[in-house]
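The structure displayed is predicted, hence computed values, not measured ones. Throughout, numbering of the chain's residues begins at 1 and tracks the sequence. Just follow the structure's listing: the first ligand is 1, and inside any ligand the first atom is 1.
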Amino acid sequence: MPTPSVIGCNIGQKSHQSTGKRPSYKTLLQSRTTEINLCGRKSRHNSFFLFTESRDCMGNFAVEVRRVALQLMGAILEGLGLGKDYEHDKFEEGLQLLSVNRYPKESEGDSTIGLAAHSDYGFLTILLASSQGLEVVDRNSDSWKVVPQLPHALHVHVGDPMEVLSNGKIKTVVHRAVLNPKEARVSIASIHGFALDEKVSSAKELVNEQNPEKYNESSFSDFLDHLTSNMDKKPRNFLESLRK
Ligand SMILES: O=C(O)CCC(=O)C(=O)O
Ligand SMILES: [Fe+2]
């Protein structure tokens, strides 16, 4: 069983803008996260971690959700005609990020946006949320659609590297979180990608004369660099920056 590499809190851009400095995202990622070894031999955590009391539970969740992600990934790769074991080792040895988000209850006069529109840098995101609040862009009508909160259900969506690997056949899901008017909300986004410096490129099996390669290759590390280099400006969409 692969070991999830990082558990941490939301690494969205907004929370770090107030410092006025441009921190290295890799530093932030390391300093604000809790690394655990799920075999129980090593654990490192700091006070920023919300779930210190529940780390066994979070550890088990991380392992199980990773198993689901790898199975789903196999099915998607099969659906793309690449075979379920395509780039097997890179997925198995890839990283998993658990991003824990806590949103206050919506209060009158406040913005209703909890997390601004974005797409994730992971092949798959599996989201567990305590109540409704996720919205996704419906590409057909170009409008926001509320994702209904189903009891005991996980929400799964694909991210930028999936669009790149599939050479545009599968589209990244643009999403955001809105505040819930009834209660504070907690969500845990489990994001699955290749290792930090492993490049993702379009599968050559999906590139031909009719479908030339649409994106430049990139790694999770490149994505983090892109975020930090855009902190003072309106960020340019990372996927757009990869378009050939
Ligand atoms: O809280 C949510 O519904 C969405 C969280 C999310 O998009 C993220 O953590 O990347
Ligand atoms: Fe997200």
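- Heavy-atom contacts of Ala189 reach the following atoms of ligand 1: 8 (C), 9 (O) (cutoff under 4.0 Å).
- Residue Ser99 places a heavy atom less than 4.0 Å from ligand 1.
- Leu72 and Leu98 fall within a single hydrophobic cluster, where Ile, Leu, Val, Met, Phe, Trp and Tyr side chains are chained together by heavy-atom contacts under 4.5 Å.
- Using a non-hydrogen distance threshold of 4.0 Å, Arg185 registers as a contact of ligand 1.
- Between His157 and His175, the ring planes are tilted. Angles from 30° to 60° get that label.
- Close approach to Tyr103 involves these atoms of ligand 1, each under 4.0 Å from a residue heavy atom: 1 (O), 2 (C), 4 (C), 5 (C).
- The N, O or S atom of Asp120 lying closest to the Fe ion (ligand 2) is OD1.
- Under a 4.0 angstrom heavy-atom cut-off, His155 registers as lying outside contact with ligand 1.
- Clustering ILVMFWY residues whenever any of their side-chain heavy atoms sit less than 4.5 angstrom apart, transitively, puts Ile170 in a cluster other than the one holding Val207.
- For ligand 1, the atoms closer than 4.0 angstrom to any heavy atom of Asp120 are 10 (O).
- Closest heavy-atom approach to atom 8 (C) of ligand 1 among the candidates Val186, Val100, Leu97, Leu115: Leu115.
- Salt bridge absent: Glu78 and Lys84 never bring a charged side-chain N and a carboxylate O closer than 4.0 Å.
- Atoms of ligand 1 found under 4.0 Å from any heavy atom of Ala177, numbered from 1 in the order shown, are 1 (O), 2 (C), 3 (O).
- Classification of the Phe194-Phe123 ring pair by plane angle, with boundaries at 30° and 60°, yields tilted.
- Atom numbering of ligand 1 starts at 1 in the shown order; those under 4.0 Å from a heavy atom of Leu127 are 2 (C), 3 (O), 5 (C).
- Linking ILVMFWY residues whenever their side-chain heavy atoms come closer than 4.5 Å, directly or via other members, leaves Trp144 and Val146 in distinct clusters.
- Interatomic distance, Asn211 CG to Leu206 CG, rounded to the nearest 0.5 Å: 8.5 Å.
- The 12-atom threshold is exceeded at NZ of Lys244, counting heavy atoms of other residues, nucleotides or ligands nearer than 6.0 Å.
- Of the angles at the Fe ion (ligand 2), the one spanning NE2 of His175 and NE2 of His118 is 90° when given to 10°.
- Residue Arg176 has no N or O atom closer than 3.5 Å to an N or O atom of ligand 1.
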